[in-house]
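Numbering of ligands and ligand atoms starts at 1, following listing order.
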Amino acid sequence: MSRKIIVANWKMNPQTQKDAEKILVGYGKQLTANSYKLKANVIICPPFVHLSFISKQLTANSHKLTAKLGAQDVFWENPSTALGTNEGAYTGEISPSMLNDIGVKYIIIGHSERRRYLGETDEMINKKVLAALKSGFNIILCVGEHHRENINEIPKVVEEQVSAALKGAQKPHIKKIIIAYEPVWAIGTGISDTPEDAMMAAVLIRKTAINVLGSAAKNLQVLYGGSVNAQNAGKFILHDGIDGVLVGGVSLDPKEFVGILRV
Ligand code: PGA
């Protein structure tokens, strides 16, 4: 069985670099206190402004935490790296080359909070997916339905979002694609999905990916995200068809987060 993946999405937290360091120190302390050997691949996704700092900390292994670095978003244009051009006339955006330069390996794309508050469309998400894959990143694409009143909404939304986002991706990209099934109603609400329904969504996601990328996508990595905590994480992580979890709020609490890593 391949190693499970645990993603910490810090979202727009914390507000200072000092506190970002405190979280890392906390992770390290919790791991050493329990002399725990990591069995999962951990990916930490801080806000852009903390990436460079966290990158240095992880490289120096200052906190005894082996983890990869992830960004929470990327822009789809990738200007030439030649100095003196103004190909990057996209105020406020961050290019794949910039992320690459500071050691980012993974990029979250299409998180529901960006779809909702920033108006990200499937078309924009597709452009970001293709730009990130072209630049050699691993992507963590987020998909999920808004409401659960209607169980039929899952296949429709999941199929639409997955096929739109992966349009134009190629077979060699499959190993670089992780899809996080994140039902929007479960994000930040304290109400997680059931492992059975998450599994059903994972099956659907792989089926849709096979339609776009061919049969090699049958082992595509699929995570669950939405109110994951140390108590419920095991139900998802230990499930055969679910490759890990994406953790939001709780990843800011070292004790809880390391509790998830220990599952
Ligand atoms: P949550 O967020 O764990 O706070 O529900 C998950 C996410 O980042 O989507």
**Message:** Between E160 and K156 (salt bridge meaning N to carboxylate O under 4.0 Å), is one present in this structure?
**Reply:** yes
**Prompt:** Considering only heavy atoms, does N9 approach ligand 1 within less than 4.0 Å through its side chain, its backbone, both, or neither?
**Reply:** side chain
**Message:** Taking 4.0 angstrom as the limit and counting only heavy atoms of G188, give me the atoms of ligand 1 inside it, by number and element.
**Reply:** 1 (P), 4 (O), 5 (O)
**Asked** Should the proximity of H111 to ligand 1, defined as any heavy atom under 4.0 Å, be assigned to the side chain, the backbone, both, or neither?
**Response** side chain
**Prompt:** Should the ring pair Y224 and F236 be called parallel, tilted or perpendicular, given that the plane angle runs from 0 to 90° and is split at 30 and 60?
**Reply:** parallel
**Prompt:** Near G249, which atoms of ligand 1 are under 4.0 Å from a heavy atom of that residue?
**Reply:** 1 (P), 3 (O), 4 (O)
**Request:** Could you list which atoms of ligand 1 come closer than 4.0 Å to a heavy atom of S227?
**Result:** 1 (P), 3 (O), 5 (O)
**Prompt:** Pick one: which of K4, K68, R3 meets side-chain hydrogen bond (donor to acceptor under 3.5 Å, both in side chains) with N41?
**Reply:** R3
**Message:** Which residue in the set N100, I109, V74 passes side-chain contact (heavy atoms from CB on, under 4.5 Å) when paired with F137?
**Reply:** N100
**Message:** If the threshold is 4.0 Å, N to carboxylate O, is there a salt bridge linking D193 and R148?
**Reply:** yes
**Prompt:** Which protein heavy atom lies closest to atom 2 (O) of ligand 1, and at what distance to 0.1 Å?
**Reply:** K11 NZ, 3.1 Å
**Request:** Under 4.0 Å from a heavy atom of G226: give me the atoms of ligand 1 that qualify, with their elements.
**Result:** 5 (O)
**Request:** Report, in ascending order of atom number, the atoms of ligand 1 lying under 4.0 Å from any heavy atom of G248.
**Result:** 1 (P), 2 (O), 3 (O), 4 (O), 6 (C), 8 (O)
**Heteroatom distance test (V250, ligand 1): nitrogen or oxygen, under 3.5 angstrom** = no
**Prompt:** Under 4.0 Å from any heavy atom of L246, which atoms of ligand 1 are there?
**Reply:** 7 (C), 8 (O), 9 (O)
**Message:** Apply side-chain hydrogen bond (donor to acceptor under 3.5 Å, both in side chains) to residues H111 and Q72 and explain how you reach the verdict.
**Reply:** CA-CA 8 Å; H111 193 283; Q72 298 174 14; over 6 Å; no
**Prompt:** Any chance CD of Q231 has more than 12 other-residue heavy atoms, nucleotides or ligands included, within less than 6.0 Å?
**Reply:** yes
